[in-house]
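To start, the structure under review is shown below, and the notes come after it.
Everything numeric in this text was worked out from a predicted model, so none of it was measured.
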Amino acid sequence: MTAPHPLVTRARSLADGLLAPHAEQVDQEEVPTSHLAEIRRSGLLGLNAPKEYGGAGAPGAVLRETTEILAGACCSTWFVQAQHHTPVLTLAGNDGPARERLLGPLASGELLSGVAYAHLRAYPRVPVRVTPERAGWRFDGTVPWYTGWGLNDVLLLAGVTDTGEVLFAFTEAREQPGLRASAPMRLAALGAARTVSLELDGLWLPDEAVALRTPHERWSAADRLRTVNANPAVFGVTEAALTLLDEDTAAPLRARLTEVRTRAYALADGPAPHERLAERLTLRTRASEVMRTATTAAVVTGGGRSMLLTNRAQRLAREALFLMVQAQTRESRADHLRSLTD
């Protein structure tokens, strides 16, 4: 039997010893900096960073397994640290001064990054517009969702130029001239992750802050290939819900989970990312449906106690609602609605 990857072992230790025991308390408050300090020390923030920059360069299977473990233990903490991996991959895939300045500190966990780019999926509507100004770039508009405010050190901000180009650039994750944050939003789930909206009114960033410039259609095509796949966090929350059920109830749901996860991960590791998109989308929807059933069963099992905000089943059910719409696209929404009405 092959020994687990060291980062999987560290993720399991963090989940069992720190995250899961405090998850209900975190859910009602906010992700503590002490949780994030342990994640920084663990090396998990460099999981997908190149080894030459101090990262682990771990395979996709390790990222999936650690995602399941952390999300199943405390989805709020998982979600804050999950934002970090997109900036790392963005820098790893593109040359430039931002890469040389930031990739090492991000890979080591010295810096924790957030992301502000989901609004790009609204195109041709442009919530954040970017214009050239003074050997740099001016950002104007509204970022509807930004997670980790007050917890992250830097943020990767995206907008669209008048020529239809997507531009990503880094800045400090703090209020500054041209950047103002709302109060943390009151959300049905993952409110502990400190999600805010950002108002941009002439935020200026220099050319050396830019991490990526590419036509929107090229970015959108790559984004679709990422979001069409089942999210490993869904499987993690489902697994956590199954532990709250008796074996007679859990067994058939576990069989469904295993079948969907096996097929989804085979596609992730097998054909080219642009192949079998319809099958990938179907499995994404089926994964959400298994999660919804498992978390509902956990609530039913708990009875009236499940209505307490401190109840684990009720927390998992709310986290399931969040994961159903996280990284949602027009295609995934339509497929999920069809499955609910067939």
Under 3.5 Å side-chain donor-acceptor pair for Q83 and N152: no

Show the atom names and distances, to 0.1 Å, of all donor-acceptor pairs under 3.5 Å that link a side chain in residues 192-203 to residues at least two apart or in another chain.
unit_1	atom_1	unit_2	atom_2	d
R194	NE	W149	O	2.6
R194	NH1	E30	OE1	3.0
T195	OG1	T147	OG1	2.9
S197	OG	S182	OG	3.4
E199	OE1	T142	OG1	3.0
E199	OE2	T142	OG1	3.2

Side chain to side chain contact (heavy atoms under 4.5 Å, CB included) partners of A327, counting only residues at least two apart: R121, T227

Closer than 3.5 angstrom, by distance alone: can the side chain of R10 be matched with the main-chain N or O of S42 as a donor-acceptor pair? yes

So that I can tick it off, tell me whether E331 and R284 are bridged by a salt bridge, with the cut-off set at under 4.0 angstrom between side-chain N and carboxylate O. no

Excluding L309, membership of its hydrophobic cluster (Ile, Leu, Val, Met, Phe, Trp, Tyr; side-chain heavy atoms within less than 4.5 Å) reads none

Output, in order, the C-alpha distance, side-chain angles, deciding distance and verdict of side-chain contact (heavy atoms from CB on, under 4.5 Å) for L106 and H84. CA-CA 8 Å; L106 291 173; H84 182 88; 3.5 Å; yes

Within 6.0 angstrom of R305 CZ, more than 12 heavy atoms from elsewhere: no

How is the hydrophobic cluster of L283 composed, in terms of its other members, when Ile, Leu, Val, Met, Phe, Trp and Tyr link through side-chain heavy atoms under 4.5 Å apart, directly or indirectly? F235, L242, L245, L253, L257, V260, Y265, L267, V290

Show your reasoning for whether side-chain contact (heavy atoms from CB on, under 4.5 Å) applies to S332 and L281. CA-CA 7 Å; S332 65; L281 190 57; 3.9 Å; yes

For the pair E319 and R312, find out whether any cationic side-chain nitrogen is under 4.0 Å from an anionic carboxylate oxygen. no

Residues joined to L187 in its hydrophobic cluster, side chain to side chain under 4.5 Å directly or through other members, sorted by chain and number, are W145, M185

Can you tell whether the side chains of R101 and E208 come within less than 4.0 Å, N to carboxylate O? no

Does F139 have any ring-ring contact (aromatic ring centres under 6.0 Å, His included) partners at least two apart in sequence or in another chain, and if so, which? none

Can you confirm whether R180 is buried at CZ, in the sense that more than 12 heavy atoms of other residues, nucleotides or ligands lie under 6.0 Å from that atom? no

Check this for me: R134, atom CZ, are more than 12 non-hydrogen atoms of other residues, nucleotides or ligands nearer than 6.0 Å? yes

Is E289 salt-bridged to R292, cutoff N-O under 4.0 Å? yes

Check the surroundings of atom NE2 in H22: do more than 12 heavy atoms from other residues, nucleotides or ligands lie under 6.0 Å from it? no

Would you find more than 12 non-hydrogen atoms of other residues, nucleotides or ligands less than 6.0 Å from R174 atom CZ? yes

